Structures are given as structure tokens and as C-alpha cells.
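Take a look at the structure below.
Computed from a predicted structure; not experimentally measured.
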Amino acid sequence: MGRENTNQKYTPRQIEADRRILELLSQTFGTISAASSEIINLEAILNLPKGTEHFVADLHGEDEAFRHILKNASGTVKRKVREIYGNEMRESDLAQFCSLIYYPEQKLELIHAEETELDDFYNITLHRLVKVLQSVSSKYTRSKVRKSLPKEYAYIIEELLHEAPSGESKQMYYNRIVETIISTGQADDFIIAICNVIQRLSIDHLHILGDIYDRGQGAHIIMETLSQYKGFDIQWGNHDVLWMGAAAGNDCCIANVLRNALRYGNMDTIEEGYGINLVPLATFAMETYGDDPCEVFRPKIDAGCDSGTEKSRTLLSKMHKAIAIIQFKLEGEMIDRHPEWHMEKRKLYSAMSPDFTTVTVGGVEYPMLDSHFPTIDPADPYRLTEEERELVDKLHRSFMVSDRLRRDLNILLNHGCMYNITNSNLMFHASVPLNADGSLKEVSVMGRKFKGKELLHAIGMLMRAAFNNDSPAEIRDYAIDYHWYLWCGPDSPLFDKAAMTTFERYFIADKKTHEEPKGHYYALREREDIADAILDAFGVTGEHRHIINGHVPVKVGKGEKPVKANGKLMVIDGGFAKAYHNTTGIAGYTLVYHSRGFVLVQHEPFSSTEEAIRLGTDIVSTTQLVELSQNRVRVRDTDKGHELQAQIDELRELLYAYRNGIIKTR
């Protein structure tokens with residue numbers, strides 16, 4: 001199977017060897033004409049331009065910016081509109097027209113409120129939208145475009161799309177369709193339908209390189225958007241894995257998830273998204289830390305609840321401290337349970353003085369920024385009090401019964417993995433652990449050592465074991481625990497730092513203790529030979545091959561470049577999360593791979609969906625050419641093209657079998 005010479009003469013022996021596959025194929029293509037027609041169709045598809053792939057990373061709950069980028073296809077839609085109408089529309093009108101494409105339902109509501117005579121608007125707008133749809137659909141087959149259309153309007157939109165007016169009779173036919181759409185009161189629905197198809201066809205496939213969760217308020221909205229999206233994959237990030245561990249019932253992960261939300265004052269995903277009951281935590285915090293100002297635990301970003309009042313921030317601070325103290329206790333238990341992880345140095349409760357005024361880290365004694373710990377027993381600092389244990393059990397149950405969390409977990413499992421290779425691009429969130437000399441580092445997973453591709457594969461399989469009911473209990477329990485190690489373990493490919501210094505950041509003023517030395521990958525990835533060695537180890541081939549990852553924000557404001565290793569490696573974490581904007585100096589990247597090559601799009605902060613609808617504002621984006629192809633990339637040059645070519649070869653073999661009577665037509 002998979003022969004390249006389409007004129008090859010097959011032998012009866014070959015047909016017999018492939019008979020099982022050919023018999024299955026004949027159930028779909030039961031005649032010579034059916035098989036021939038499919039070959040013609042597939043050969044035509046191979047010569048179309050490749051679909052546009054979008055790569056994004058580290059969304060961190062910024063749902064409005066993410067959804068807007070999907071709607072405007074990282075500026076592709078506006079570029080298409082400008083190519084078509086740049087000479088006949090004012091810039092302000094062009095912006096409003098693009099706003100209609102992005103947000104048709106909401107924009108039409110505004111137009112209805114402002115306009116009294118709508119027929120001219122409908123007529124002009126429908127004609128314009130059809131032209132834009134013709135442009136974005138030009139690289140797809142009619143069949144694919146048809147599948148993107150709403151069933152109730154598919155026939156009419158196809159007529160408008162493919163019967164472009166040429167000649168007086170065609171013009172009259174075309175105009176009459178538009179007039180009838182308006183006169184029957186269907187114009188709004190048609191506009192909405194066409195706009196949605198433009199959005200859908202502007203991005204053929206979406207790659208998310210991890211960290212959908214934490215920082216921002218709308219991770220659950222991003223997951224809701226993905227649940228209705230076609231054509232995407234996810235490479236798990238450390239924040240995603242933390243939430244997956246919480247969904248699996250890992251109490252350390254649950255505590256970290258809650259602490260992150262409280263630290264940034266973003267409770268929407270926890271409470272509104274997944275219905276986690278935080279009343280027990282609030283009650284416990286007020287009873288335990290009622291007189292404690294909890295200054296160390298003030299939210300980094302003002303809370304949205306109660307308009308961010310002082311009262312609400314005070315409550316969040318107490319809840320924040322309560323769950324942080326519990327988290328460090330739970331992590332101490334976890335570290336004791338897994339000595340093979342060699343994380344004993346992270347048990348810093350044991351390094352505090354009995355009166356909690358100092359702590360010794362790395363042989364140096366530091367004063368504590370907070371010494372009020374009513375639930376910590378200096379003689380047994382990792383023991384949960386009865387009230388803390390009861391609280392942990394209640395929070396555990398709340399995570400376990402969340403149907404929405406379970407649904408989103410399934411999306412992560414069904415569409416996600418530790419790494420992905422598509423069209424000569426190796427994608428992963430953070431790193432591939434390396435030794436100082438650049439060789440692949442061996443990492444122990446459940447007593448066995450792996451490196452490179454085998455390491456990421458083994459970790460992915462172990463993670464899934466946490467959710468498989470048929471996994472042996474011992475492996476399942478270990479897998480659940482391992483999610484926490486992936487979050488903060490030194491040899492985790494999703495973290496790859498010496499330590500996560502959460503304790504030090506809370507309790508020690510000296511910022512030298514806050515440092516988290518990175519693994520060798522982060523320094524060595526600047527070198528082209530290292531990138532090539534990793535690509536070789538993962539079996540990535542092709543003249544233009546790349547590593548694409550995120551995880552560590554690119555500090556553009558300080559001159560750091562996202563493209564490294566002489567173009568072989570691209571880091572596309574530009575800081576979608578508002579918490580990172582000051583660090584990066586921008587508000588995110590999108591990497592776009594279309595038929596003419598790679599384009600990196602650098603985004604400025606997004607104002608709001610409301611402004612985009614009302615004023616026609618858009619994300620200000622700067623395009624940086626990364627790598628352009630001399631020849632336009634066709635479907636035949638892609639992984640999908642190789643699959644289609646294999647299908648063509650099988651169909652040609654079936655034709656041979658039909659024509660020689662080896663397999664009977666149906």
C-alpha cells in the first residue's frame with residue numbers, strides 16, 4: 001500500500017495480501033465509476049493550497065482576547081476585506097464592516113437601533129459578505145465549504161457563492177436571490193450565517209500549546225468555545241495539568257488551583273464556571289484568620305467580586321492564606337509519600353523556627369514576613385487540624401461532582417497530549433529535559449528511565465491512567481499523584497526548573513530566594529544544533545522543520561526575540577494574561593502557517609468585546625515574516641496530503657482488482 005507510481009501494475013499476490021483492506025474499501029466505493037470519481041476528487045484536493053494553521057500558547061483564561069483572535073483570524077479577515085474593498089471603503093467603514101463579521105448578532109442589534117431604512121444596508125452588506133466568503137473559501141473544496149454552512153441556508157448561500165454574476169441574466173438571478181432574502185425577513189439570519197462561515201473557514205486548524213487555565217477569569221469560557229469548535233488540538237501545559245490533577249481528585253492540585261485563583265482575585269472559573277462551593281473555605285478562613293490582616297496574601301489583581309471592594313479583598317486575602325497554609329501541609333505529605341521525587345528540600349515548614357519568626361533556606365536564616373500560623377504545630381507541622389481535614393474533604397467533593405469540570409477534562413483528554421508533530425512542526429508546551437552537554441536527559445517515571453520522545457509519551461500514558469477505570473489501583477493512584485509532580489517537579493517537562501519557590505515568595509523578602517533556576521533546555525534552545533538534535537530524536541523530517549513552544553513569556557520590551565536557533569525554534573508565549581503585560585511589553589502572539597509560509601503576529605492588549613462591537617476597534621497586531629516559501633504549499637505537501645495520497649493508492653489498487661475480476665463490484 002502507499003505506492004507513489006500511479007501506473008504501477010499490481011499482482012494477484014499483492015491484491016490477496018491487501019484483500020481485507022480492499023474489501024472494506026469496496027463497501028464504500030462499490031463500482032469502478034465510484035472509485036474513479038473518488039480518485040479524481042482526491043487528486044483535485046491535493047492541488048489546493050494548504051489550509052491555514054493557527055498556533056497560540058499560554059492563553060491563561062483571557063477568553064475575550066482569545067475569542068476575538070479566532071473571529072478575526074489574527075488579522076487575516078481584515079486583510080482580506082482590505083484587499084477587496086480597500087479602494088472603495090473608508091477606513092472607518094471598513095472597521096465597522098469587519099466588526100460585523102466578528103460579532104454579527106450584537107452588531108446587528110446596534111444597527112437596528114440606529115437605522116430606520118435597512119433594505120439598502122442589507123443589499124450592500126450581503127453582496128460584500130459574499131465576496132469576502134468567496135475569497136476565504138477559495139482554497140477549499142465545495143464539499144468542505146458546504147459542510148461549514150448551516151443546513152437551512154446551505155443551498156442559497158452556495159448559489160450566491162458559486163454563481164457569481166456574469167452577464168445580464170445571471171446578474172438578475174443573483175440580485176433576485178438577495179432581494180428575496182431581504183423581503184422575506186431573512187436578511188439578519190443570512191448575514192449571521194455568512195459571517196460565521198467566514199470566521200470558520202479563515203482558520204483551518206488551531207493548535208493550542210498549553211496553559212488555557214489560571215491568571216484570567218475565563219478559562220471555562222475558552223473551554224466552552226473549544227467544545228463547539230472544529231479542528232483543534234491541545235498540548236498540555238503545567239497549568240492545564242494542575243487542573244486535570246484537581247479533576248482527578250489530587251488534593252495538592254485542588255489546593256494549588258484555589259490558591260492561584262485567590263492570588264489573582266479571579267474566581268469566575270472556580271465559582272461560575274465549575275460551581276465549586278467556596279463557602280466552607282470562606283467560613284473557615286474568617287473563623288481562623290478573622291483578626292489577621294493577611295497582608296502577604298493580598299490579591300495581585302483587584303477582585304471582580306463586589307466591585308473589588310476592600311471588604312471583598314480582605315475576605316479573599318484570608319481565604320488565600322488559609323488554602324496556602326493547607327497546600328504546604330498537603331505537599332509535605334505528598335513529598336513523604338514519594339521519596340523517589342527527591343523534593344525533600346521543599347518541606348520548608350520544617351525549616352521554620354518554633355516561633356515562626358525565621359526560616360532557614362540554603363543554610364541562610366531569613367526573617368519571616370508572616371508569623372501567625374494558628375493551625376501549624378511546630379512539633380508536627382504537616383498535620384492537618386480536624387477543621388482543615390474537614391475543609392479539604394468538602395473541597396474535594398465539590399471538585400469531584402462538577403459536571404462542567406468533567407466535560408472540560410474530557411476535552412483536554414480527547415484533544416490533548418504532551419506533544420504533537422504536524423507538517424514538520426514539533427509542538428510541546430515547555431521543554432524537553434536536557435543534560436548540560438545538550439544530550440537528552442533520562443528521567444525516571446515509575447522506576448523506569450525515559451528520555452526525549454519516549455519520556456513525553458510515557459508521561460502522557462501515565463496521566464491518562466489517572467482517568468481510566470480499568471487502570472490497576474496502584475498505577476491509577478500513582479498517576480493521580482504524578483499530576484502534582486508535573487506541576488512543580490524539577491524533571492517535569494512541563495516545569496523543568498530547580499524548584500517552585502512559592503513558599504519563599506510569600507514569606508521571605510530577599511528576592512534571591514525567589515529565583516527558580518531553569519533547566520538546561522532554556523539556555524541551549526538558542527543553538528541550531530540543539531534544535532536539530534531534538535527534532536531528529538522526535539523523528540521530525542522535512543526541509544523546513546521547527547520546534548514550537550510557549551511556557552516562558554518572551555520579554556519583547558527588553559529586546560528578547562521569539563525566533564531562536566536560526567529559525568528552527570519559535571517561542572510563542574507573548575503574554576496573553578494581563579498579569580504578564582508589564583513583563584512582556586505586548587499581549588500575546590499568534591503563529592500563522594498558511595500556504596505561503598510562517599507569519600508571527602504580535603498583539604497589543606485587547607480593549608474589550610463591547611468596544612469592538614460598538615466602535616469597531618480591533619486588536620492592533622504587528623506582522624513579522626518568519627519564513628516564506630518560494631512555492632505555494634499545497635495539500636499534497638502536508639501530512640493530510642500524504643494520507644490522501646495513500647487513499648488514492650488504495651483506490652487505484654481497488655480499480656485494478658475490479659478490472660481484473662479479483663474483487664467483484666457491488
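Residues I69 and H603 meet the side-chain proximity criterion, which asks for heavy atoms closer than 4.5 Å. Residues D204 and E53 fail the side-chain proximity criterion, which asks for heavy atoms closer than 4.5 Å. Under the 4.5 Å side-chain criterion, counting only non-hydrogen atoms from C-beta, K50 is not in contact with D637. Contact of the I157 side chain with the L133 side chain is registered, since non-hydrogen atoms from C-beta on lie closer than 4.5 Å. In this structure the side chain of L226 reaches within 4.5 angstrom of the side chain of F66, judged on heavy atoms. You'll find the side chain of L455 reaches within 4.5 Å of the side chain of V445, heavy atoms only. Residues I208 and V56 form a side-chain contact, since some pair of their non-hydrogen atoms from C-beta on lies under 4.5 Å apart. In this structure the side chain of V571 reaches within 4.5 angstrom of the side chain of N549, judged on heavy atoms.
The two residues A436 and L524 come nearest to each other via the heavy atoms O-CD1, 3.9 Å. Nearest heavy-atom pair across V635 and P49 is CG2-O, 3.7 Å. Residues L242 and C253 come closest through the heavy atom pair O-CB, 3.4 Å. The shortest heavy-atom contact between I45 and T141 is CG1-CG2, 3.3 Å. Across every non-hydrogen atom of E653 and I15, the tightest pair is CG-CD1, 3.5 Å. The nearest pair of heavy atoms linking W236 to G460 is CZ3-CA, 4.2 Å.
When the options R19, R20, R13 are evaluated for a salt bridge (Lys or Arg N to Asp or Glu O under 4.0 Å) with E16, the one that passes is R19.
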Name each donor-acceptor pair under 3.5 Å that joins a side chain in residues 27-40 to protein atoms two or more places apart or in another chain, with its distance.
unit_1	atom_1	unit_2	atom_2	d
T31	OG1	S33	OG	3.1
T31	OG1	A34	N	3.0
S36	OG	I32	O	2.8
S37	OG	S33	O	2.9

Check: residues 537-547 side-chain donor-acceptor pairs under 3.5 Å, at least two apart:
unit_1	atom_1	unit_2	atom_2	d
R545	NH1	D536	OD1	2.8
R545	NH1	V540	O	2.7
R545	NH2	D532	OD1	3.2
R545	NH2	D536	OD1	2.9
H546	ND1	N425	OD1	2.9
H546	NE2	E627	OE1	3.2
H546	NE2	E627	OE2	3.2

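The number of heavy atoms from other shown groups lying within 6.0 Å of CE (M446) is above 12.
No donor-acceptor distance shorter than 3.5 angstrom exists from the side chain of D63 to the backbone of A219, with no hydrogens or angles considered. Judged by distance alone, with hydrogens and angles left aside, the side-chain atoms of D233 form no donor-acceptor pair with the main-chain N or O of H415 at under 3.5 Å. Of the possible polar contacts, none joining the N420 side chain to the M427 backbone as a donor-acceptor pair under 3.5 Å is found. Of the possible polar contacts, one joining the S148 side chain to the K144 backbone as a donor-acceptor pair under 3.5 Å is found. Checked by atom type and distance alone, the side chain of R596 never pairs as donor or acceptor with a backbone atom of L628 at under 3.5 Å. Without hydrogens or angle criteria, N423 side chain to D639 main chain gives a donor-acceptor distance under 3.5 Å. Panel note: side chain D437, backbone S439; a donor-acceptor pair is recorded below 3.5 Å. A donor-acceptor pair is defined here as one N or O able to donate and one able to accept, closer than 3.5 Å; such a pair exists between the side chain of H54 and the backbone of A73. N238 places no side-chain N or O within donor-acceptor distance of the main-chain N or O of L486, the cut-off being under 3.5 Å. Put simply, the side chain of Y485 gets close to the backbone of D491: a donor and an acceptor are under 3.5 Å apart.
There is no side-chain donor-acceptor pair under 3.5 Å between D408 and H220. Side chain to side chain, N47 and E43 fail the donor-acceptor criterion of an N or O pair below 3.5 Å.
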Q: Please test K139 against L48 for side-chain contact (heavy atoms from CB on, under 4.5 Å), starting from the C-alpha separation and ending with a verdict.
A: CA-CA 6 Å; K139 63 172 63 176; L48 288 171; 5.5 Å; no

**Q.** Worked verdict on H551 versus F428 for side-chain contact (heavy atoms from CB on, under 4.5 Å)
**A.** CA-CA 9 Å; H551 186 57; F428 51 84; over 6 Å; no

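Ring geometry for Y593 versus F598: interplanar angle under 30°, hence parallel rather than tilted (30 to 60°). Between H205 and H207, the ring planes are tilted. Angles from 30° to 60° get that label.
T590 OG1 to F55 CZ: the interatomic distance, rounded to the nearest 0.5 Å, is 11.5 Å. Atoms CE and SG, from M463 and C417 in turn, are 10.0 Å apart once rounded to the nearest 0.5 Å.
Electrostatic pairing of R407 and E224 counts as a salt bridge here, judged by a charged N lying under 4.0 Å from a carboxylate O. A salt bridge links R146 to E158: one of the charged nitrogens lies within less than 4.0 Å of a carboxylate oxygen.
Figure legend: cation-pi geometry between K441 and Y521 absent, as NZ or CZ is not positioned both under 6.0 Å from the six-membered ring centre and within 45° of its axis.
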